Each structure stands twice: as C-alpha cells, then as structure tokens.
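What follows is a single structure, written as structure tokens, with notes after it.
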Amino acid sequence: MKKKKKNNWFFRLTYLLFFIFISLYIALESGYYESKVAKKTALTEESIKKFEQDIKDGNPIDIESYTFENHKDYSNNTTNAAIFIGEKVEKFMSSGISEIFNFLKSLVT
C-alpha cells in the first residue's frame, strides 16, 4: 500500500510567497518601474510642448487638455475587509503593548 504524502499548507504558502517575492524582485531589477516612470515623464514633456505651442498660436488654454489622471480605484470588499482587520489588529496591539508597559511600570515602582 502506498503511503500518502502529507500536504503541508505551511510549505505551500511559503513557496507561494517566495515565488511572489522573486517575481517582484525581478520586476524591480529589470527596470519595469523605472520605465513606467520614464513613460509618464515623456508624456508630461509632450504636454508641456503642446501647452507652449498653444500659447504661441494663441489658442484657448484649458488645463484639462494638458493633464491626465490615471487614478484607478481598486477597492473592493476584500481590500475593505483587510483594511478593517488591519486597523483592529493595530488598535489591539497598541493598547496591548501599552497595557503591558503600564503593568511592568507598576511592578518597578
């Protein structure tokens, strides 16, 4: 009879987190972030040149035609729940640590 191999969830989670870390590290080292910032800078320089040309030509100026906003709202129930849980943990840890120090202070004095 074959022995079943135990599926250890801890190691699976560790491997997954390691894979995510390596992926993000490679993206950082390959310059992905820097290329995104450079692209935004190039778009800004193009907007400045367009603005200057419109000034020279005497065209009407509207700030909305030279700026762009790429803000995307990624909030959903999962992120809201994570924020809520994080705030509760932070509150619990802060009050717990201060209570421990108050207790230790009462022992010393």
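If you're wondering where the values come from, they're calculated on a predicted model, not measured in any experiment. Note that the numbering runs from 1 along the sequence shown for the chain. Because only heavy atoms are used, hydrogens play no part in the values below, and waters and symmetry mates are left out as well, while side chains stay in.
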**Prompt:** Would you call Phe51 and Ser47 a side-chain contact if the rule is heavy atoms closer than 4.5 Å?
**Reply:**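 The answer is no, as the side chains (C-beta and beyond) never meet within the 4.5 Å cut-off.
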**Item:** Side chain proximity check, Glu87 to Ile83, heavy atoms < 4.5 angstrom
**Value:** yes
At what distance, to the nearest 0.5 angstrom, does [atom1] of [X] lie from [atom2] of [Y]?
{"X": "Ile97", "Y": "Phe92", "atom1": "CD1", "atom2": "CZ", "value": "10.0 Å"}
{"X": "Leu16", "Y": "Phe11", "atom1": "CG", "atom2": "CZ", "value": "15.0 Å"}
{"X": "Ser95", "Y": "Glu90", "atom1": "OG", "atom2": "CD", "value": "10.5 Å"}
{"X": "Tyr15", "Y": "Ile20", "atom1": "OH", "atom2": "CD1", "value": "15.5 Å"}
{"X": "Gln53", "Y": "Asp57", "atom1": "CD", "atom2": "CG", "value": "4.5 Å"}
{"X": "Asn8", "Y": "Leu13", "atom1": "CG", "atom2": "CG", "value": "10.0 Å"}

**Request:** Indicate if Ile26 and Phe18 have the same hydrophobic cluster label, given that clusters are the connected sets of ILVMFWY residues with side-chain heavy-atom separations under 4.5 angstrom.
**Result:**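 Per the 4.5 Å side-chain linkage, Ile26 and Phe18 are co-clustered.
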**Request:** Look at the side-chain heavy atoms of Ile, Leu, Val, Met, Phe, Trp and Tyr, link any pair under 4.5 Å apart, and say whether Phe103 and Ile100 land in one connected group.
**Result:** yes
